[in-house]
Amino acid sequence: MESLFLSKDEIAELTGYKLPAHQRRWLQDRGWVFERNATNRPIVGRDYARSRLCGAKQATPTPSPSSSTPRPNFGALTAR
């Protein structure tokens, strides 16, 4: 089964860099969405990478169901 995320070798091939700091800079400079793992390596979703590499201009990750849950507006509260 294929992983949900690109492997570190795939990220190195994509960016042309082996060092995570250089990989993150390459991804940021090109507007790629990624997360950092506990060792500060960039984590890129496989489906997102496929979308970007197929020519999608502004590929965005699918929002999780919890992101559509209404949240209270704490800014509306005032201290008396």
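For this chain, numbers begin at 1 and follow the sequence in order.
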Scan for side chain to side chain donor-acceptor pair (under 3.5 Å) pairs involving residues 1-16, sequence neighbours excluded, and state none if there are none. Glu2-Arg50, Ser7-Glu10, Glu10-Arg46
Would you list the pairs meeting side chain to side chain donor-acceptor pair (under 3.5 Å) in which at least one residue belongs to residues 24-37, sequence neighbours left out? Arg36-Asn40, Asn37-Thr39
Atom CZ of Phe34 with >12 non-hydrogen neighbours under 6.0 angstrom: yes
Connected to Leu4, directly or through other members, by ILVMFWY side-chain contacts below 4.5 Å are Phe5, Ile43
CZ of Arg52 to CG of Leu27: how many Å apart, nearest 0.5 Å? 9.0 Å
Hey, does the side chain of Tyr48 reach the backbone of Val33 with a donor-acceptor pair shorter than 3.5 angstrom? yes
Distance-minimising heavy-atom pair for Arg41 and Lys18: NH1-O, 4.3 Å
